[in-house]
Amino acid sequence: MISVVLPTFNEAENLERLIPQIADVLRDLPHEIIIVDDDSPDRTWQAAERLSQTHKQVRVLRRVGRRGLSAAVVEGFQMAQGDVLAVMDSDGQHDPRLLTELNRAIQAGAHLAVASRYIRGGSTGKWGGLRLLISKMGTFLARHAPRVTVTDPMSGYFALRRTMFRTIAADVHPQGFKILLEIVAHLPRGSRVAEVPLTFRERWSGRSKFSLRVQFQFAWQLLRIIAGRMREFLWEAQWVVLFLVFLGTAAVLARPAWQLRILALDSRVRAQAQQALRTITDEQGWILSDIVMVSASERAMRFYHREHRRGRDPKTCHILRYDPPTLIPCS
Amino acid sequence: MRRTPLVVLGLEAYALVLAWLQSLGGVRTDEAKYLLNIPYPHPPLGRFIFHLTEAWPFQELFWRVALATLVVQAVWLVWMMAKTLPLRDRIAVCGVWICSAAVLTQAGSIMLAVLTGLQGLVLVALFIRRDIDATRYAGWLAVFWGCCLFTAFQAILYLPLVIALFARSRVPLWFRVFGIVGPIVLIALYVLGHPLAAASFILVRGDNAGLTVAARLAGIVAIWGIAGSVWGAVLGLAGMLMKRAWTLLLTAALLSAYIVLTYHDYYAILFLPLIVAGVTLALRQWPIPATVIIVPVILATILLYPPLKHRLTPDESRIIAPALTARHATGAVLLTGTFGHQWQYESDLTLRRFRPELLKNAQVVVCLQACPEMKKQKAWVTMADMPLEVWVKR
């Protein structure tokens with residue numbers, strides 16, 4: 001069965017046209033139509049309830065005190081009983097005939113089927129220059145943020161397997177307008193996505209909800225998705241980073257350890273070196289912590305003396321013979 | 001959610017006050033070591049980061065504010081750690097952190113013990129929050145563990161926590177062993193390449209060589225008392241014992257054994273993460289009103305502060321060094337007696353330990369202990385208005 005979720009806000013007039021069209025398109029398929037209304041001032045829910053009396057497949061959910069298209073869709077999905085969950089706009093901009101193609105794509109094995117404006121055969125219809133530009137910019141950014149690529153991640157017309165929705169439901173943030181983007185961002189790697197061409201139509205009646213607030217919500221959603229991808233990358237890269245850090249650090253530390261190995265291995269040389277160093281630092285008035293050893297042999301060691309003055313740290317190289325303690329500059 | 005920015009701002013104001021209090025005493029010898037990236041006794045990571053700002057005239061203040069902020073705002077980690085507790089209990093646990101004498105006396109100091117304490121808090125928080133899947137972060141834990149060891153040697157005392165966290169993860173065994181042992185191998189390699197680091201570490205850690213057993217045990221009790229402001233420490237220890245938190249207790253035992261070797265007040269901050277974890281465990285077991293926890297902690301902190309607070313006037317180096325620079329002094333400065341690295345930090349001049357043979361090339365002698373032999377030097381006069389006896393060549 002296919003469950004078609006229609007999120008609505010002030011779409012009473014459009015529903016009267018849309019529901020019979022959907023019912024006609026899906027007449028040969030088991031289906032239900034779930035209208036999720038955000039307590040519209042024009043009483044869309046009442047129009048929906050009237051329609052449910054003539055169309056038995058229609059179910060109505062009126063959300064009082066809750067707003068948001070994405071949240072409405074998620075609630076609709078949660079009450080749906082179909083194996084395939086679809087969502088479309090209620091204002092006539094989405095052709096209901098694509099529902100059969102979306103359903104066919106899911107039945108053929110896709111986890112997600114998207115009606116896309118940006119594949120061959122699709123179009124944005126009669127959008128003006130500014131709206132088209134904003135949409136293309138947003139689509140470009142949104143296309144590269146999630147790990148699964150979809151040509152039109154901002155489409156509001158898509159279908160997915162109920163089992164897939166259940167898998168990702170806990171991770172989906174149902175905020176803002178673009179629920180498909182949220183779903184795509186959480187699809188597991190290897191998910192199969194099918195696309196069908198969509199020609200975006202003119203709204204039948206009513207006003208567009210595409211406001212500045214919606215655009216800010218989209219930008220925030222995108223940032224959140226990008227942050228999630230970076231977090232994923234960091235988790236996946238952790239062992240690579242660990243090995244690289246280990247090898248790099250070991251490579252840097254191995255050389256001084258090798259050059260001073262005699263001090264660790266030979267206690268006699270160590271004692272001689274200690275005594276000689278003590279004698280020389282006393283004579284020179286040096287502080288021991290200003291000495292940095294470089295290399296050591298049985299008879300002598302090479303070291304730097306650093307002044308450790310703030311902002312300036314001149315250093316001088318010396319060779320210290322142990323017995324008798326003799327200091328000579330490095331050649 | 002709206003209260004969070006206000007709480008953050010309030011905590012930040014507290015951090016700024018603590019940083020200011022620390023700044024009154026000027027740079028201390030250990031702080032100068034880290035600010036100047038002096039290689040001993042600790043490994044390079046923390047001091048390297050401090051020294052990157054050496055050219056900044058406000059280097060000291062910057063790090064005091066940064067570290068005070070880290071210590072105070074670390075209370076959000078404590079908040080996260082106590083997630084399963086009711087709201088009032090969570091506030092009580094956070095109160096133990098914020099109001100402890102360890103935080104009051106250490107936040108704003110530029111000490112590696114502070115960094116190690118914060119690293120310990122991260123480990124403790126991950127340990128307490130068993131719901132956070134250790135498998136997901138096991139690799140980063142190993143990197144973090146390496147960073148802890150390369151910040152200060154005493155981080156090794158948190159090894160039981162690291163082992164417990166890796167044991168919880170479901171990564172293959174050899175990954176876990178590598179994660180625990182790999183960083184230890186690297187730090188051992190560092191010590192082999194810097195033998196003076198090990199020598200100076202062992203030398204300094206033998207500070208308590210002359211103390212009796214009773215004195216050493218008293219030191220352990222004192223450190224616990226400072227860390228948890230007495231009542232917090234009692235509750236924390238009780239919580240760990242009641243819940244049989246063997247990992248936390250083993251870590252506490254290691255830290256206590258370390259205190260036996262070398263006692264410094266500032267090590268109290270190493271114990272504080274364990275104490276807040278213990279308090280969290282105690283509150284899971286017993287319903288204790290938040291005021292019964294926080295009020296005694298605050299009172300104890302107020303009583304502990306006067307004997308523990310650092311000097312509120314700057315070291316003599318901060319007065320003498322600029323005076324020498326103003327005189328356009330050149331040549332070496334000889335210092336008698338034991339002196340700290342703050343002299344290197346404050347002074348632009350070459351410093352040496354006093355030896356009569358070095359007088360001919362020196363311009364200044366600073367007597368940190370009495371130097372009667374200088375009175376016989378006719379070529380030298382004392383500088384007026386100095387807090388110590390300072391001799392300069394005529």
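Reminder, nothing fancy here: chain letters follow the sequence lines and each chain counts from 1.
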* Less than 4.5 Å apart, any side-chain heavy atom of A:Arg310 and any of B:Leu36? -> yes

* Taking all heavy atoms of B:Gly139 and all of A:Gln238, pick out the closest pair and write down the distance. => N-OE1, 2.7 Å

* Measure the CG-CH2 distance between B:Asp133 and A:Trp235 for me, rounded to the nearest 0.5 Å. => 10.0 Å

* Asked: Can you tell me how far the CG atom of A:Asp313 sits from the CD atom of B:Gln344, to the nearest 0.5 Å?
  -> 9.0 Å

* Structure fact -> Answer key: most heavy-atom pairs under 4.5 Å with chain A among B:Val185, B:Leu35, B:Leu349, B:Leu334 is B:Leu349

* Under 4.5 Å heavy-atom distance to chain B, tell me which part of A:Asp282 shows up: side chain, backbone, both or neither. => both

* Using modelled atom types only, decide if a donor and an acceptor are shared between the side chain of B:Arg353 and the backbone of A:Gln284 within a distance under 3.5 Å. => no

* Contacting region of A:Leu242 [heavy-atom separation from chain B under 4.5 Å] -> both

* To do: Measure the CZ-CD distance between B:Arg355 and A:Glu283 for me, rounded to the nearest 0.5 Å.
  => 6.0 Å

* What is the distance from atom CD1 of A:Ile287 to atom OH of B:Tyr40, rounded to the nearest 0.5 Å? -> 12.5 Å

* Asked: For B:Ala32, is it the side chain, the backbone, both, or neither that has a heavy atom closer than 4.5 Å to a heavy atom of chain A?
  -> neither

* Tell me, for A:Leu277 versus chain B, whether the close heavy atoms (under 4.5 Å) come from the side chain, the backbone, both or neither. => side chain

* **From A:Leu253 atom CG to B:Ile187 atom CD1, the distance as rounded to the nearest 0.5 Å** => 8.0 Å

* Asked: Is it the side chain or the backbone of B:Phe175 that comes within 4.5 Å of chain A heavy atoms, both, or neither?
  -> both

* Side chain / backbone / both / neither for A:Ala264 at chain B, heavy atoms under 4.5 Å -> side chain

* Asked: Shortest non-hydrogen contact from B:Pro195 to A:Leu260?
  -> CD-CD1, 3.7 Å

* Asked: Is a salt bridge present between A:Arg309 and B:Glu346, judged by a nitrogen-to-oxygen distance below 4.0 Å?
  -> no

